[in-house]
Amino acid sequence: MSKTPVFAWQGRDAQDRPVQGRLQAQEAGLARAQLRRQGVRHIRVQRLWMESPARVRPADLSLMTRQLAALLRAGVPLLQALDMLTRSLNAVTLMEVMQAVRDDVASGSALHQALARHPSHFSGLYTSMVQAGEAAGILDTMVERLAHTLEKNEALRSRVRSALMYPCVVMAVAIAVLVLILVFVVPVFEEVFQSFGADLPWATQMVVALSEGLSSAGPLAALAVLLGFWLWQRPQRAQARIQALRDRWLLKLPLLGPLIGTAVVARWAQTLSALLAAGVPLSEALGPVAQACDHAVYERVTTQLQRQVVQGGRLSEGMARSGRFPDMIVQLCATGEETGAMDSLLARAGGLMETEVDDRVNGLSSLLEPLIIVVLGGLIGGILVAMYLPIFRLGQVF
């Protein structure tokens, strides 16, 4: 919760268009007064007691960048293009951010400087490519190339998410069903078994013990979930530590680890290729690439590579020592350093790794579906058989 109260507001501007957003004020009356000074009418204000950080979806950002590139390509001046873009956006958070960017540009700031004032929404990759386009006088070309890079990176993320979505949903539903059976169904059978007056089979005893343990550990599990949620809402440093542990653990998984690693390296190669093609020096390009990785392990590795390059080392040698990059992309980087064509070679490597990601996704999907069915069928079937074994032995009791 913020020290200064945060209010969500809705109203109409001077052109009678609906506007909305958030602001900080000591009380609702001061918030209304501040909005009236900005020309907002018919104001409705509501305090947000639990404020969640506003986020911009990558899909919305890539779409907005593509629209900006189209406007600049059509010869629309930058300020007018930003004004048209702000009015056409549907995402409230992105509209507020772009309105602030438009105001900064109108006051004389360069576009990359205005974007850099919102680092939580615009990465170093974004601002670096915009800055390169402004410096070279080809902003429309750079924004179009940036939109293409963002779209390719988002497509890679979508393919990996689609591959993981089905097994994760199925496993979550199956675990919930198993917990319900063990917590609510097995105790009913246990009462019936106690009335038999006979020893239970070992399989039934194991299921009953598991049910009792799960029932007694229920409050602790709920406390652990609340603790995890509380940690996730902690400051950025705590979130970074949790994300680093999660990313390091995911890379060690037997099937998902290679898929995630290949997707991250493909995004790494495409991002670095785009920055180098835009004229950004290698030592400066690696900083935005580390942010664009969206993976704690590769972000740390890329930061180390940047320090080595600044000190005069070769990128390919640092990549080989890290052990996080395939030999193919290391060799292509070495060839690019010798020939000066690293941007095109990295783009080709990124394309090859995209194809590899597609093949891995298809193979993983075809493998996981029958594997999940067999595992879940075995678990649920085993519990049911263990529950009915005493009933099958009723003849020995009576």
Side-chain angles (χ1 to χ4, degrees), residues 12-21 38-39 56-156 267 270-281 284-285 287-289 291-292 341 343-344 346-347 350-351:
R12 291 188 173 274
D13 60 8
Q15 288 76 32
D16 202 35
R17 295 176 302 190
V19 290
Q20 57 184 337
Q38 298 175 5
V56 175
R57 295 191 308 162
D60 293 335
L61 184 61
S62 61
L63 177 61
M64 184 274 295
T65 307
R66 176 61 65 185
Q67 293 173 346
L68 178 60
L71 291 172
L72 295 177
R73 277 289 189 184
V76 180
L78 176 60
L79 191 59
Q80 185 179 351
L82 292 174
D83 190 46
M84 295 170 60
L85 191 63
T86 302
R87 291 199 302 267
S88 64
L89 292 174
N90 294 323
V92 176
T93 302
L94 186 57
M95 180 183 66
E96 294 174 355
V97 172
M98 291 308 298
Q99 181 63 48
V101 171
R102 187 261 176 206
D103 294 340
D104 290 339
V105 172
S107 63
S109 298
L111 179 59
H112 75 274
Q113 294 174 342
L115 296 173
R117 294 189 178 100
H118 308 275
S120 59
H121 304 301
F122 301 101
S123 63
L125 163 68
Y126 207 105
T127 56
S128 296
M129 292 193 68
V130 170
Q131 182 178 7
E134 288 180 313
I138 52 173
L139 181 59
D140 54 348
T141 303
M142 286 297 102
V143 173
E144 187 172 6
R145 184 174 296 173
L146 174 62
H148 181 67
T149 303
L150 293 176
E151 290 167 354
K152 293 184 72 174
N153 289 348
E154 181 60 23
L156 269 175
R267 188 162 61 246
Q270 291 170 352
T271 305
L272 183 56
S273 171
L275 287 169
L276 294 178
V280 180
E284 299 178 8
V289 170
Q291 298 178 16
D343 54 346
S344 60
L346 283 174

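Note that the numbering runs from 1 along the sequence shown for the chain.
Each of Arg66, Arg267, Arg145 was evaluated against Glu151; a single residue qualifies, Arg66, per the salt bridge (Lys or Arg N to Asp or Glu O under 4.0 Å) test.
Residue Leu275 comes nearest to Ser128 through the heavy atom pair CD2-CB, 4.0 Å, listed as atom of the first residue, atom of the second, then distance. Nearest heavy-atom pair across Ala132 and Met142 is C-CG, 4.3 Å. The two residues Ala114 and Val105 come nearest to each other via the heavy atoms CB-CG2, 4.1 Å.
Residues Glu144 and His148 have side chains not in contact (no heavy-atom distance under 4.5 Å, counting atoms from C-beta outward). Between Leu111 and Asp104 the shortest side-chain heavy-atom distance does not fall below 4.5 Å. The side-chain heavy atoms of Met64 and Leu61, taken from C-beta on, include a pair separated by under 4.5 Å. Side-chain contact between Leu346 and Gln270 is absent, with no heavy atoms from C-beta onward closer than 4.5 Å.
The structure places NE2 of His121 at 14.5 Å from CZ of Arg57, a figure rounded to the nearest 0.5 Å. Summarising the geometry, atom OG1 belonging to Thr127 is positioned 8.0 Å from atom NE2 belonging to His112; distances are rounded to the nearest 0.5 Å. From Asp103, atom CG reaches atom CE of Met98 across 10.5 Å, with rounding to the nearest 0.5 Å. To the nearest 0.5 Å, atom CD of residue Glu96 and atom OG1 of residue Thr86 are 11.5 Å apart. With rounding to the nearest 0.5 Å, the separation of CG in Leu85 from CG in Leu94 is 7.5 Å. Rounding to the nearest 0.5 Å places CG of Leu78 at 11.0 Å from CG of Asp83.
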Checklist line | Intermediate values then yes/no, side-chain contact (heavy atoms from CB on, under 4.5 Å), Leu71 and Gln80 | finding: CA-CA 9 Å; Leu71 291 172; Gln80 185 179 351; over 6 Å; no

Next item on the list: Check step by step if side-chain contact (heavy atoms from CB on, under 4.5 Å) holds for Thr93 and Asp60.
Entry: CA-CA 10 Å; Thr93 302; Asp60 293 335; over 6 Å; no

Notebook entry, point to check: Yes or no on side-chain contact (heavy atoms from CB on, under 4.5 Å) for Val289 and Leu125, after CA distance, side-chain angles and deciding distance?
Noted result: CA-CA 7 Å; Val289 170; Leu125 163 68; over 6 Å; no

Next item on the list: Quick one: do Leu72 and Thr141 satisfy side-chain contact (heavy atoms from CB on, under 4.5 Å)? Show the steps, please.
Entry: CA-CA 9 Å; Leu72 295 177; Thr141 303; over 6 Å; no

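Judged as a side chain to side chain contact (heavy atoms under 4.5 Å, CB included), and not counting sequence neighbours, the contacts of Ala347 are Ser273. Residues satisfying the side chain to side chain donor-acceptor pair (under 3.5 Å) test with Thr65, not counting sequence neighbours, are Tyr126.
Proximity of a side-chain donor or acceptor of Glu284 to a complementary backbone N or O of Pro281 within less than 3.5 Å is not detected. Of the possible donor and acceptor atoms, none in the side chain of Glu154 sits under 3.5 Å from a partner among the backbone N and O of Ser62.
Ring orientation note: the planes of His118 and Phe122 are nearly perpendicular, at an angle over 60° on the 30°/60° scale.
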